[in-house]
Amino acid sequence: MTDHFARMPAFVRERIHAEGWTSWRGVQEDSFDVLFDSDDHLLVSAGTSSGKTEAAMLPVVTSLCDDPPEGVGALYVGPTKALIDDQFARLDRLLRDSPVPVTGWHGDVAAGSKERMREHPEGILQITPESLQGVVCDHALVRRMFPELRFVIIDEVHSFMASDRGLQLLCELATIERTAGCSPRRIGLSATLSDTATASEWLRAGTDRRVSVVSSPGDTAGRVGVKHFRLPADPEERKKAVLAYYLELLRLTEGRSCIVFTNSRGSAERTARSLDKVARSRGSPDPVRIHHGSLSASLRRDAEADLKGGRHPTVVATSTLELGMDVGGLDRVVQIGAPYTCSSMLQRMGRTGRRGGRREMVVVCLDDDSKWSPSPPGVSLELIRAIAVADLGVHGGWTEPVRPPAMPFGLLYHQMLAYLKGSEHDVRWPELRDSALSMWPFRNVSEEEARELAMHMLAEGHLHRMEDGTLLIGLKAEPVANGRDFASVFEAPQETEVRAGGEAIGTVQGRPREGALISLAGKVWSVYRAGDGWVEVREAPADAVAESKWESRPPDVDDRVAVRMREILMSDEAFPWLDSAAAAELSSSRSAFREGGFDGCLETPQGFTIFPWTGTRRFEAMRRTLAEMEGVEVLAYASPVWIAVRTQRSQGQLEQGLRNIVRSSDPEDFVLLEDVEDMGKFERFVPEGLRAREFAADRLDFGFTGRCLRP
């Protein structure tokens, strides 16, 4: 232990002795140097189980104990309720014998706890961005709670950086600093950052402090394996293949503490239900649980408790268990379907090995011959993407660069209303404009664009201007600003609460009718009573079939992943971590790729089928540019795989035409009406031209013109 140990409060030292710690880890030593001996912000990028939480919290707790501040001394912001609850339990144990209280605050926390914090703010507040928005809209409360706020800890900082939710958090922090007159240091924690420069810029946004970076790969020892299954279209053969698939999934998980990750809630429900049936039929003693964002808090907590409780549960989960909560000593992680991003794969793999064991992930790829696939004939893109993501992420240590939204006009609308809602004095346009544009999220928004938005809000009745120039929230915006969901900047689809035996088990999208079958919590239910926003259900017979659908857009595929997929198909490179079925499928996919001419431009009787092997944003830009070209008709496409066009032009003429159109056009010229009609939650209150500008900035990348149709 270094001299940092002696600087810590007695109860912390006692806890360290009780845990049997005899030395600090490297990431902790370096973080202590920054937090104890400088005034910098701190970004900690280190592998899971590297001690990031202690690296941040021990100096924070020391500061709050040595010199107790007025009001809240430290703000911990987490991306999920589950992570906040997990960190609350850890901090509560650490601080049980200390003068520093810790308070959790989110939608599942009792109102009494929040009221006590409002009346007597102190210690450490753990909160989500949505709950924090409700606080910062009351400027008097901000001044009472945060006059001497010293630290803001942002956990899993990478999960915030690429979203409006993260920009909302930066706006909230700017509001706190401006309103309360405080200047807290920011501490960002992440296990999956390869671009610390961008993360540092995001973390220090709107402040004058520099960012010190502590970076360590942590313990990366581990292995990944990839398996492949094919489900035939023939019904009898399909039954055998499905049973073999679930028997193998049972073999991978039985007798172990496992999380089986899926890429969607629907897949999680289907997998949990079928795996549980097979496990019961084979007499397995291990429970199968399920965990995703549409389940009730009590069911999610039950699954978490099983993971931590020393049993051998298999929990089928979505991204709700991906982020850094402690889920105990997992033996293995299984991923159903190829991950879309390296970042997600590394996060999920990092759930294992937290008790000194080996990190282990098995990716199970499934091709279903009875369903349409966007893959070129004979090529398993599911398998190829799994290999590419594993090779880049696990073996190469690469993760996708983070791109914060560039033109968040919907958030600007939201923040204008939030400022007016919280202000205690008359506000005129110069003040409203300056308060918004001074925030880092709007660094790319010009005064002219801000004025265009404000004039639109006036014309639509969302702002009201008095004769003396004072601006008020307009009649049309009052239901928005005072609504229950104003605190959230993402759109929540219409959901129905599902109750069984009087207890809530979760929600489904839409409004199920009486007699409908729905899938939830790993079971099929029959609706026997429906009310306003709720249904009562009974468990359906064992042979009942249903599938609840939840709308979500898959993450973008990065250019580098797409390029690596093409390289894998073009090469003869061997991957020893594939099972025999996956290796055979890779070999046949390579043969089909080469024989079919799926590398670039494939000539057809009607024109061409183009395989650009590029990421989602560049693919979309290319498709839209082709659609604008004279003498070219886009017949069909599957993003980001192929585009079929009818044309008499040659490949060279297509390439030159693409370059000419891009050179002579503005990006927003390629935005369609349906694009701007289906954007973010508050974008519908933004003028159409600004919405098009936002869509083009965040969803299209015209960098494809450098290579055009020749990957």
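Each residue takes its place number in the sequence, starting with 1.
- Within a 6.0 Å radius of CZ in Arg280, other residues, nucleotides and ligands contribute 12 heavy atoms or fewer.
- The side-chain tip of Arg538 points at the ring of Tyr528 from less than 6.0 angstrom away and within 45° of straight on.
- Atom NZ of Lys227 sits in a crowded spot, with more than 12 heavy atoms from other residues, nucleotides or ligands closer than 6.0 Å.
- In summary, the side chains of Thr341 and Ser343 do not present any donor paired with an acceptor at a separation below 3.5 Å, with no hydrogens or angles considered.
- Between Leu247 and Val278 the shortest side-chain heavy-atom distance falls below 4.5 Å.
- In this structure, Lys239 places its NZ atom where only 12 or fewer heavy-atom neighbours from other residues, nucleotides or ligands lie under 6.0 Å away.
- Here the CG-CG distance, from Leu231 to Asp369, works out to 7.5 Å after rounding to the nearest 0.5 Å.
- Taking the side chain as every heavy atom from C-beta outward, Arg659 and Val662 never approach each other to under 4.5 Å.
- Between Gln606 and Glu633, every side-chain heavy-atom pair lies at or beyond the 4.5 Å cut-off.
- We find the CG-OG distance between Leu250 and Ser274 to be 12.5 Å, quoted to the nearest 0.5 Å.
- With hydrogens and angles ignored, the 3.5 Å screen pairs no side-chain donor or acceptor of Gln347 with any backbone N or O of Met349.
- Rounded to the nearest 0.5 Å, atoms NZ (Lys523) and CG (Asp276) are 8.5 Å apart.
- Minimum heavy-atom separation, Pro512 to Val535: O-CG1, 3.8 Å.
- Not a single donor-acceptor pair under 3.5 Å links the side chain of Arg511 to the backbone N or O of Gln494.
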Using the side chain to side chain donor-acceptor pair (under 3.5 Å) rule, take Ser519 and Arg273 through it: C-alpha gap first, then chi angles, then the decisive distance, then the call. CA-CA 9 Å; Ser519 173; Arg273 185 169 65 251; 2.7 Å; yes
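- One finds a salt bridge joining Arg564 and Glu567 here, because a Lys/Arg side-chain nitrogen approaches an Asp/Glu carboxylate oxygen to under 4.0 Å.
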Run the numbers on Arg699 and Asp556 for salt bridge (charged side-chain N to carboxylate O under 4.0 Å, His left out), then give the verdict. CA-CA 9 Å; Arg699 302 290 304 136; Asp556 289 348; 2.9 Å; yes
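- His158 contributes atom NE2, which lies 8.5 Å from atom OG1 of Thr399 (distance to the nearest 0.5 angstrom).
- Counting heavy atoms from C-beta on, the side chains of Val537 and Leu520 never come closer than 4.5 Å.
- With rounding to the nearest 0.5 angstrom, the OG1 atom of Thr647 is 8.0 Å from the CE atom of Met629.
- Taking the side chain as every heavy atom from C-beta outward, Glu683 and Asp164 approach each other to under 4.5 Å.
- For Glu620 and Arg624, the salt-bridge test passes: some basic side-chain N is under 4.0 Å from an acidic carboxylate O.
- Proximity of Met570 to Asp599: side-chain heavy atoms (C-beta onward) are separated by under 4.5 Å at one or more points.
- Using the six-membered ring where Trp is involved, Trp613 and Phe593 have ring planes that are perpendicular, over 60° apart on the 30 and 60° scheme.
- In this structure, a donor-acceptor pair under 3.5 Å is absent between the side chains of Ser639 and Arg623.
- Annotation: Glu630, atom CD; neighbour count of heavy atoms from other residues, nucleotides and ligands within 6.0 Å does not exceed 12.
- A donor and an acceptor atom, one from each side chain of Ser284 and Glu254, are located under 3.5 Å apart.
- Proximity of Trp577 to Val226: side-chain heavy atoms (C-beta onward) are separated by under 4.5 Å at one or more points.
- From Thr271, atom OG1 reaches atom CZ of Phe261 across 13.0 Å, with rounding to the nearest 0.5 Å.
- A donor-acceptor contact closer than 3.5 angstrom links the side chains of Asp559 and Thr614.
- Salt bridge annotation for Asp701-Arg403: absent, with no cationic side-chain nitrogen under 4.0 angstrom from a carboxylate oxygen.
- Glu674 CD: more than 12 foreign heavy atoms inside a 6.0 Å radius.
- Under the 3.5 Å distance criterion, with hydrogens and angles disregarded, no donor-acceptor pair is assigned to the side chains of Arg265 and Thr318.
- Judged purely by distance below 3.5 Å, without hydrogens or angles, the side chains of Arg238 and Ser370 pair a donor atom with an acceptor atom.
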